[in-house]
S.K.: 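Quick one: structure below, then a few questions.
Positions are given from 1 along the sequence.
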Amino acid sequence: MKRRSLLATATAAALALPIVATSISSAATDPVDRASEKLRHAVTLDGVMRHMQAFQQFADANGGTRASGTPGYELTVSYVADQLKRAGYQVTLQEFDFPFFQEKSPTVLQRVAPEPKSYQRGGDYRTMTYSGTGDVTAPVQPVDLALADPAASTSGCEASDFAGFTPGNIALVQRGTCTFGQKARNAAAAGAKAVIVFNQGTPGHTDAFAATLGGPVVSIPVLGASFAVGQELAQPGTTARVKTDTIVETRKTRNVIAQTRKGRADNVVMLGAHLDSVVGGPGINDNGSGSAVILETALQLARSGIQPRNQVRFAWWSAEELGLLGSEHYVASLPEGERKKIALYLNFDMVGSPNYARLVYDGDDSDKVGAGPGPEGSAQIEKLFERHFAAEGLPYEGTDFTGRSDYGPFIAVGIPAGGLFTGAEEQKTPQQVAKYGGIAGVAFDYCYHQACDTINNLNAYALDTNADAVAHATATYALDTSSVNGKLTAGNAGKAARVKKQPVGHREDAAA
């Protein structure tokens, strides 16, 4: 009864607020420009914040979390779906089973010998998602480490790495080359009673880290530790204690999918954000921010009078924090013919980080660093955001498709993708401080995956400017995706013909 009352109160408050009147500049004569300006005026910071305040309430009433498989998440789903239905969207709640994970009590990592030492949870080590439960005191046995040349580490990736491993020992393996799940499986098969995976030791890969095994692949404790801890535990004669107390079980959860009732159904413009938090916090920046921005964009699009030429589909993903499970389930469940109808996918995950950078996914790999380009059309999506920020006089930079968010499953099947990000646990550089302000040497989001990721863990300016960019992209692609996939609707085919006859003075980004 208390939960139902909370939902009703939050929903009623949001619906009772007036629609913001828009004032459209007479200088915007192109239909796409007019639609963009109209939607950008309608999507306000106040509107976005109302949704995040509701998300915070749901977490506060349910143990401080909105993680998938918890009551806080289900309240969030109901709130989002209810608002979308009232706005006239066709709403689907896509249910699926997933492996739930939770730490019941704090993990312990101690060196017992040669000299006792207790390590700090969070600073020195973290429990891997889907770690099993156990309390193990045993000798630590290093496995194929590359301490002198960390970049070359393949530690634990092959079963042969464990040749001569003593069953009952704690396996110490180094990050690098293969998945954490593969390292853990190989260690368990060799008889290890616990596994400590320490960071690789290369630049940017030295601290304790949050990671997942990808699923419940082993029943023994598995931790992720800093490179310094790994160096200490690798010393001959070391004995350690590892204690974990976890829940791993199958639960049900739901994605929220909403689409316009009008627009070209064979040329779908899709936007997504994950709706779940980690178990350890309310997840207001990660990712209440992206979820609230696309929710407010969807509501204002419905109220704006803009008539989409292409169907616009919004998605709020579940179980992203456990390995992109919601978006993977959605893409895998789509028949190939339906996948081909998706013109593009835009992803918004953490768009209000307190120590932010303004990051645009690098669709064309123009920075030549890390991951390669996205599918054909991704470069044009990147350019749309870059042109928008440049026109607003806002600095920005590229960020790689690292596979850490829900664009991953779409890219994997060849769907053009793009989006925005303001940074997570990585530290801000002095060069970025010169561009955006903030504090160098501090994480973009210093409450990343923690209980302090609350309504106070936001940069309002970053959130507001990114909301404008999301509105711009939504309005643009709702009317015209020709820059991404070459498809013209009846409404813009004539415009293209006119441009062909009269190229002089045409704005290059009008159909972007």
S.K.: Only counting residues at least two apart or in another chain, list the ones meeting side chain to side chain contact (heavy atoms under 4.5 Å, CB included) with V91.
M.R.: A81, L84, K85, Y89, V256, A258

S.K.: Could you tell me whether R251 sits above the aromatic face of F100, with NZ or CZ closer than 6.0 angstrom to the six-membered ring centre and within 45 degrees of the axis?
M.R.: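 Yes, R251 lies over the aromatic ring of F100.
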
S.K.: Would R66 count as a cation-pi partner of F55, with NZ or CZ less than 6.0 Å from the six-membered ring centre and within 45° of the ring normal?
M.R.: yes

S.K.: Determine the sole option in F421, W317, F401 for which the ring-ring contact (aromatic ring centres under 6.0 Å, His included) test with Y407 is passed.
M.R.: F401

S.K.: Indicate whether any N or O donor in one side chain lies under 3.5 Å from an N or O acceptor in the other, for S353 and T422.
M.R.: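 Distance-only check passes for S353 and T422.
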
S.K.: Centroid-to-centroid, F444 to Y356, below 6.0 Å?
M.R.: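 Ring centres of Y356 and F444 not closer than 6.0 Å.
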
S.K.: With sequence neighbours left out, write down each residue that passes ring-ring contact (aromatic ring centres under 6.0 Å, His included) with Y446, or none if nothing qualifies.
M.R.: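 For Y446 there are no ring-ring contact (aromatic ring centres under 6.0 Å, His included) partners, ignoring immediate neighbours.
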
S.K.: Return the minimal non-hydrogen interatomic distance between M350 and N287, and the atom names on each side.
M.R.: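 The pair with the smallest heavy-atom distance is N-OD1, 2.8 Å.
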
S.K.: Are F180 and F209, when compared by the centres of their aromatic rings, separated by less than 6.0 Å?
M.R.: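 Ring centroids of F180 and F209 are less than 6.0 Å from each other.
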
S.K.: Sorted by first residue and then second, give each salt bridge (charged side-chain N to carboxylate O under 4.0 Å, His left out) pair with at least one member in residues 115-124; sequence neighbours left out.
M.R.: E103-R121, K117-E232

S.K.: S219: what forms a side chain to side chain contact (heavy atoms under 4.5 Å, CB included) with it, not counting sequence neighbours?
M.R.: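 Side chain to side chain contact (heavy atoms under 4.5 Å, CB included) list for S219, sorted by chain: empty.
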
S.K.: Taking side chain to side chain contact (heavy atoms under 4.5 Å, CB included) as the definition, give me every residue that meets it alongside T202, ordered by chain and number, with sequence neighbours left out.
M.R.: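 For T202, the residues satisfying side chain to side chain contact (heavy atoms under 4.5 Å, CB included) (neighbours in sequence not counted) are P150, A151, Q200, H205.
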
S.K.: Applying side chain to side chain contact (heavy atoms under 4.5 Å, CB included), can you list everything that pairs with E336, at least two apart in sequence or on another chain?
M.R.: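 Side chain to side chain contact (heavy atoms under 4.5 Å, CB included) list for E336, sorted by chain: K340.
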
